[in-house]
Amino acid sequence: MGIEDKIPQGVVLTTLEGVFGWMRQASFWPATFGLACCAIEMMTYGAPRFDAGRWGQEVFRASPRQADLMIISGRVSQKMAPVLRQVYDQMPNPKWVMAMGVCASSGGMFNNYAIVQGGDHLVPVDIYVPGCPPRPDMLIDAMWKLRKDIVMKRPMAANEIAAFEAAEAAALAAPATHEMKGLLR
Amino acid sequence: MTAQHTDYYGTPGEETEGTVYTAMGGGDFADIAREQAERSDETLVINMGPQHPSTHGVLRLMVECDGETVKSIRPGIGFLHTGIEKNMEYRSWTQGTTFVTRMDYVSPLFNEAAYCLAVERLLGIEDRIPQRATEIRVLMMELCRIASHLVAIGTGGMEIGALTVMTIGFREREMILDFFEAVSGLRMNHAYIRPGGVANDLPETGIAQLRTLIGWLEKHLPEYAAFCNENPIFKGRMCGIGHQDLSACFALGVTGPVLRSTGYAWDLRKQQPYCGYETYDFDVITWDTSDAYGRFRVRLQEMWESLKIVKQVTERLDASTGQPVMIDDPKIAWPAKLAVGPDGQGNSHEHIKHIMGESMEALIHHFKLVTEGFRVPVGQAYVPIESPKGEIACHVVSDGGRKPYRVHMRDPGFNHLQSVPIQCEGGMIADVVVAIGSLDPVMGGVDR
Amino acid sequence: MSVRRGMWSAGTGDTSGYGRIVREVVVATPAAGPLGSWYDSVRDRLATLVADPFVKVVFEYGELTFHIPREKLAEAMWALRDDALLRFEFCASVSGVHYPQAAGAELHVVYHLQSMTHNRRLRVETACPDADPHVPSVVATYPAADWHERETWDMFGIIFDGHPHLTRILMPDDWVGHPQRKDYPLGGIPIEYKGTTVPPVDERRSYR
């Protein structure tokens, strides 16, 4: 007596890509990768007030091998950088990265010897969340944007290979990060 | 490598017998694994962390196990080293507050208070801090203590599988953070306590909101005792685990609930009062088991003592409404009285009108104070206060400039992690997370 | 300790018009005469237990500091901990301070001791030259100083003789240099915003 009774019988036509994207975004597990202040807000994201369990996402996978998303929640120190990369490499494809907070996005206020100036120096970042730390509301917003706009629309098979090749060609043609000028206008 | 040096923690003569595992840190995983390969016995060498769900952040533990018994454990820290102390040497004294608050991010207000009290001592304005500012500091610190203990109890519970304790802990913490947000504008990392006072006064609805909060906490804090105190599984996991007696606490510089769980009533709020704590009525909580369960009970009861102080300070704040919250010294006090305006920004429209339209001198003064800051006389000060974890202290050195010459934060977690070997060696590997949870280190404070 | 001229940090032209401002930085003037309270008795007691223990005794901001030569440090620390009249049984913190201007005593190590028996606090300071950065370890006296001394080695490059395992603690093991020293740059990268570049904070011109 649920919604399934209201759906008319028949055939739905869609792409395999669409089905996979839909399934991927519906079972989308972050790894527990708590670093600093943002990790506390990331825990709050799963705790009662904000309750990621409402859409079935309160489980943080303790093993990177079971995770789809790495939330870089806080400042990445030079000492932590190889660990972060190793955790990323241990995650199976397809995988996504969220840079939570300004430190993970750009180094933030800690422009010094100890902190890597942004998680994107180590791993490809899909979405950046501003804030110091971002509120759990912002994390929820970022999570839904990531799921709806990036995970769900990820290309597959031949399209994925073509997208990889296009991205690689673009990356080879693009100037190195330190040569990029005037991007922040 | 382990066998050559003297074991200061051992009894005399002990070090000559066989392989000696000392409590000293250091040594990389590769070294330990190589030594083990040379010994080729049944010892398992396990690396735990720095990315592990039960190590309270980015703590790394290198464990040698015989079966499930921990033979040796060495903590590795530094994975969250942020260079905050160095960074502060390039920023003004007021901006320093913004940096220290990000050290121990579970109890940010204590970092700020220790730093500001040290700066105020050097400025010689300790007696001139307005009464209301001190009361607000006490209020914020005690609420922060409750929030921090909730996180300690909650994450400690989560790590032994009691997830309910964590979820309800964060529920109460949210209520406290709501109040913090109403007062300082931020949920965490407030930079609210400033040299000379606090950044701004309580909002108009502050006292009413505070009374609601007290009512909420009084209603919900008993749940923890009901869930945990006599829970057989909880007691089975915690009683007798992480044992550390008084002499070990002294030797390893351990303070706070860990020290009080040995039965020694050492609380800086009582022993060396600051911020007028001698005028509040509260008790120092102790326990006599020196173990993880004792620390849990001390924390639980300390939340009630903090609530007692919060109630007293609420009455005082009610009485002192309208009094200044920043020192009456325009050379130090932040010029604007900040408040959240109708545009959602934290500006003071009256102040902007004054400096932009009425007084050139006020504009110059504002500009000089904000960009250059005040100068602090030459010297050094060390101000310890009682944070939820123990003695947090700020050692500040000034060379008379507008920037700190050196700031060192003595974080209790740094000392507490030194005592991990003494608590865990000889125990089961599953008890390691219980012992570390009961120490409640916050890696942001440990590594700075 | 040093003399400062003008308002702006070194390396940039001082265009403020305040170039003739001269300020002398004097650090830690020795205390003269009796100090009052328990301070005199502790000072005198240590002087009877250890021969000639002080470089100077400083009393500022209500805090007592013993400047002890490094040769006497281990002995003085034992006395401070064990003597019944002193009983500073708790070492709260060890940290370093780098004074590159103070020739022959560039690196300072600061110990904060706490007597729980008498409820007193004491600061002990010792210095070593940059060319010979050795200070005896106090780990044998205060095991709590273990990690603190490792951190001070890591951050300042002060070698604590007799420390059981003096390795880096906060920085990676293969790090070069000691970040908290004044001659170590803050690091950081220029920040680009709207087409212009702001240099990292330690390369900007700033007030002293």
Side-chain angles (χ1 to χ4, degrees), chain B residues 1-2 5-9 22-28 76-78 81 83 85-87 89-92 121-122 124 248 250-255 264 266 271-272 371-373 375 377-382 384 391 393 395 397 399-403 405-406 408 410 414-415 417-418 447-448, chain C residues 1-2 4 7 23 25-28 58 60-63 65 89-93 95-99 110 112 114 116 119 121 123 125 139-140 142-148 150-151 154-155 162 164-173 179-180 182 184 186-188 201-202 204 206-208:
Chain B
M1 189 178 291
T2 43
H5 53 70
T6 318
D7 178 10
Y8 296 117
Y9 305 103
T22 60
M24 316 306 171
D28 199 59
I77 63 167
H81 178 61
E85 288 173 2
K86 176 92 172 173
N87 226 144
E89 290 167 17
Y90 295 89
R91 296 290 187 180
S92 75
R121 180 172 292 175
L122 288 181
F250 268 36
L252 293 171
V254 171
T255 46
Y264 187 49
W266 181 266
Q271 310 292 339
Q272 296 162 10
T371 56
E372 184 179 343
R375 286 185 164 70
V378 182
Q380 53 183 336
Y382 179 86
E391 175 184 321
H395 177 216
V397 184
D399 66 342
R402 59 171 284 269
K403 299 178 286 193
Y405 191 73
R406 164 100 170 106
H408 178 72
R410 186 265 188 214
F414 188 78
N415 275 73
L417 281 180
Q418 285 193 88
D447 297 340
R448 284 152 288 139
Chain C
M1 188 175 78
S2 63
R4 284 210 200 123
M7 285 184 72
R23 276 180 296 136
V25 180
V26 181
V27 171
V58 177
E60 283 178 341
Y61 306 104
E63 296 180 16
T65 311
E89 65 273 85
F90 189 88
C91 179
S93 159
S95 68
V97 187
H98 187 206
Y99 298 101
V110 188
H112 289 98
Q114 154 84 55
M116 286 172 166
N119 200 13
R121 281 190 183 272
R123 182 186 297 121
E125 200 166 332
V139 173
Y142 295 111
D146 181 353
W147 280 20
H148 289 279
R150 282 177 65 194
E151 189 195 330
D154 196 353
M155 290 293 140
H165 203 128
L166 197 65
T167 51
R168 286 191 182 272
I169 186 166
L170 294 180
M171 300 309 291
D173 289 340
Q180 285 273 8
K182 291 285 175 189
Y184 191 98
L186 177 64
V201 63
D202 57 338
R204 291 177 210 164
S206 75
Y207 295 97
R208 281 188 202 278

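Letters go in sequence order (proteins before strands), and every chain restarts at 1.
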Quick check: closest heavy atoms across B:Tyr405 and C:Lys182, and the distance to 0.1 Å? O-NZ, 2.7 Å
Report yes if some heavy atom in the side chain of C:Trp147 is under 4.5 Å from a heavy atom in the side chain of B:Leu252; otherwise report no. no
Heavy-atom distance under 4.5 Å to chain C: side chain of B:Glu89, backbone, both or neither? side chain
Check whether B:Glu391 gets within reach of chain C through its side chain, its backbone, both or neither, counting any heavy atom under 4.5 Å. side chain
Scored by heavy-atom pairs under 4.5 Å with chain C, the best of B:Thr371, B:Thr255, B:Val378 is B:Val378
Counting heavy-atom pairs under 4.5 Å with chain B, which one of C:Gly187, C:Cys91, C:Pro179 comes out on top? C:Pro179
Do C:Ser93 and B:Phe414 have side chains that get closer than 4.5 Å, going by heavy atoms? no
Yes or no on side chain to side chain contact (heavy atoms under 4.5 Å, CB included) for B:His395 and C:His112, after CA distance, side-chain angles and deciding distance? CA-CA 9 Å; B:His395 177 216; C:His112 289 98; 3.5 Å; yes
Could you tell me whether the side chain of C:Ile169 reaches within less than 4.5 Å of the side chain of B:His81, counting heavy atoms only? no
Okay, B:Pro384 and chain C: the region with an atom under 4.5 Å from a heavy atom over there is side chain
Which portion of C:Met171 sits near chain B, non-hydrogen atoms under 4.5 angstrom: side chain
Any side-chain donor-acceptor pair under 3.5 Å between B:Gln272 and C:Gln114? yes
Closest approach of C:Ala144 to B:Gly253 (non-hydrogen atoms, all atoms of both residues): CB-N, 3.5 Å
Candidate pair B:His408 and C:Met155, rule side chain to side chain contact (heavy atoms under 4.5 Å, CB included), full reasoning: CA-CA 11 Å; B:His408 178 72; C:Met155 290 293 140; over 6 Å; no
Who among B:Val397, B:Asp447, B:Ile77, B:Val254 has the most heavy-atom pairs with chain C under 4.5 Å? B:Ile77
Give a yes or no answer on whether the side chain of B:Gln271 reaches the backbone of C:Asn119 with a donor-acceptor pair at less than 3.5 Å. no
Under 4.5 Å heavy-atom distance to chain B, tell me which part of C:His98 shows up: side chain, backbone, both or neither. backbone
Contact origin within C:Val58 toward chain B - heavy atom pairs under 4.5 Å: neither
Answer with side chain, backbone, both or neither: which region of C:Glu63 has an atom nearer than 4.5 Å to a non-hydrogen atom of chain B? side chain
Any sub-3.5 Å donor-acceptor pair from C:Asp202's side-chain atoms to B:Tyr90's backbone N or O? no
Take B:Glu85 and C:Ser95, measure what side chain to side chain contact (heavy atoms under 4.5 Å, CB included) needs, and give me the verdict at the end. CA-CA 12 Å; B:Glu85 288 173 2; C:Ser95 68; over 6 Å; no
Checked B:Arg448, B:Arg410, B:Lys86 vs chain C; the most non-hydrogen pairs under 4.5 Å come from B:Lys86
